[in-house]
Amino acid sequence: MPDLLELTGISASYGRIQALSNVSLRVAEGSIVALLGSNGAGKTTTLNTISRLVPVTSGSILFDGKPIENWASHRVVEGGIAQVPEGREVFRDMSVRENLEMGAYRRKDAAAVRSDFERVLDYFPKLRERLQQRAGTLSGGEQQMLLIGRALMMRPRLLLLDEPSLGLSPVLVQQIFGIIDRLHKDGLTILLVEQNAAVALACSNYAYILENGEMALQGFSEQLRRDDGVRRTYLGH
């Protein structure tokens with residue numbers, strides 16, 4: 001499959017603090033690619049550079065063959081990239097329905113929006129039961145479902161997922177990753193940032209490992225799962 005996303009030599013800073021240095025990665029269309037690393041390694045910053053929330057100081061970002069490193073963030077969304085941020089950032093005082101509708105606020109294709117709304121509720125039946133409920137009163141797992149559903153309402157070609165398992169019970173992690181697998185099988189391309197390396201490597205096709213803002217290792221996920229160094233450092237074996 002051709003690459004849908006390609007980062008080449010990306011560097012980014014927060015003021016004088018270098019967050020990323022010469023980071024390169026590729027995401028083939030129709031794949032799940034995992035981006036792993038410890039806290040502070042630069043995983044979220046990498047997603048934020050793709051979404052144009054953090055300025056790129058050098059390097060290039062190609063999406064579907066087009067350079068986007070100078071695009072405004074709203075143009076990135078309109079171009080087909082949706083990010084699900086870490087931290088359950090739902091609109092807490094709005095209903096579940098209103099949160100989902102906000103995902104499509106820039107779209108003009110009303111019939112397709114209604115179809116996508118039903119499709120999201122098929123993915124997340126629990127949200128159908130809570131459409132009128134305030135989003136801030138949902139459980140952590142339900143809020144994560146709502147965030148993913150809101151991003152899907154943008155009808156993205158590429159979904160950026162930032163720590164979807166964070167703070168969830170093992171049962172809920174299994175449910176969330178079951179949905180991620182289903183989205184992948186339905187043709188969505190996914191770049192997944194995840195601290196739970198075992199789960200991420202089990203569901204992804206290819207993986208990159210960041211250390212201190214630099215790319216330390218990459219390979220097919222199954223190969224990395226069998227690598228003794230990766231097992232000791234990231235899988236607790």
Side-chain angles (χ1 to χ4, degrees), residues 4-5 30 32 44 47-48 50-53 63 71-194 196 199-200 203:
L4 183 60
L5 178 73
I32 298 182
T44 295
L47 296 190
N48 286 342
I50 297 167
S51 295
R52 307 307 309 117
L53 301 174
F63 178 65
W71 283 15
S73 57
H74 69 84
R75 188 179 175 191
V76 172
V77 172
E78 292 168 353
I81 300 176
Q83 182 171 345
V84 179
E86 176 188 357
R88 314 277 191 271
E89 295 180 6
V90 298
F91 298 113
R92 300 184 63 83
D93 292 327
M94 297 170 65
S95 70
V96 168
R97 176 184 291 276
E98 289 168 334
N99 268 264
L100 292 175
E101 290 172 346
M102 284 298 293
Y105 79 103
R106 297 188 73 90
R107 292 176 58 182
K108 308 298 182 186
D109 49 343
V113 168
R114 289 193 295 271
S115 174
D116 287 346
F117 186 83
E118 286 301 314
R119 184 169 63 98
V120 167
L121 296 182
D122 286 340
Y123 282 126
F124 303 109
K126 283 192 174 183
L127 297 184
R128 188 185 295 276
E129 301 169 7
R130 296 177 173 34
L131 284 175
Q132 305 310 317
Q133 188 171 328
R134 283 178 55 246
T137 66
L138 298 177
S139 69
E142 290 165 347
Q143 288 186 12
Q144 187 63 66
M145 294 174 189
L146 180 57
L147 283 172
I148 296 173
R150 190 175 72 193
L152 293 177
M153 288 298 296
M154 302 175 195
R155 190 174 276 196
R157 293 183 62 194
L158 173 64
L159 185 65
L160 309 178
L161 283 174
D162 195 354
E163 302 283 9
S165 76
L166 188 67
L168 299 183
S169 70
V171 171
L172 285 172
V173 170
Q174 187 175 23
Q175 290 179 8
I176 292 294
F177 275 87
I179 293 296
I180 291 170
D181 182 62
R182 185 178 166 192
L183 291 170
H184 173 231
K185 288 177 178 176
D186 287 347
L188 186 60
T189 306
I190 298 170
L191 178 56
L192 167 69
V193 160
E194 180 58 57
N196 189 333
V199 172
C203 82

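These numbers come from a predicted model, not from an experiment.
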Atom [atom1] of [X] and atom [atom2] of [Y]: how far apart are they, to the nearest 0.5 Å?
X: F177; Y: L172; atom1: CZ; atom2: CG; answer: 12.5 Å
X: L100; Y: D116; atom1: CG; atom2: CG; answer: 11.0 Å
X: E142; Y: Q144; atom1: CD; atom2: CD; answer: 12.0 Å
X: I190; Y: L4; atom1: CD1; atom2: CG; answer: 12.0 Å
X: T189; Y: L159; atom1: OG1; atom2: CG; answer: 9.5 Å
X: R52; Y: R75; atom1: CZ; atom2: CZ; answer: 11.5 Å

### Query
If we only count heavy atoms from C-beta on, is the L161 to V193 side-chain gap below 4.5 Å?
no
### Task
Apply salt bridge (charged side-chain N to carboxylate O under 4.0 Å, His left out) to D93 and list each qualifying residue two or more places apart in sequence or on a separate chain.
R134
### Task
Return yes if a side-chain donor-acceptor contact under 3.5 Å exists between S95 and Q133, otherwise no.
no
### Query
Going by atom types alone, do N196 and S165 pair a side-chain donor with an acceptor below 3.5 Å?
no
### Message
Go through it in stages, so that I can follow the logic: the residues are I179 and D181, the test is side chain to side chain contact (heavy atoms under 4.5 Å, CB included), and I'd like the CA-CA distance, side-chain angles, deciding distance and then a yes or no.
### Response
CA-CA 5 Å; I179 293 296; D181 182 62; over 6 Å; no
### Task
I would like to know whether Q143 and E89 meet side chain to side chain contact (heavy atoms under 4.5 Å, CB included); could you show each step before the answer?
CA-CA 8 Å; Q143 288 186 12; E89 295 180 6; over 6 Å; no
### Query
Counting heavy atoms not belonging to E129, are there more than 12 under 6.0 Å from its CD?
yes
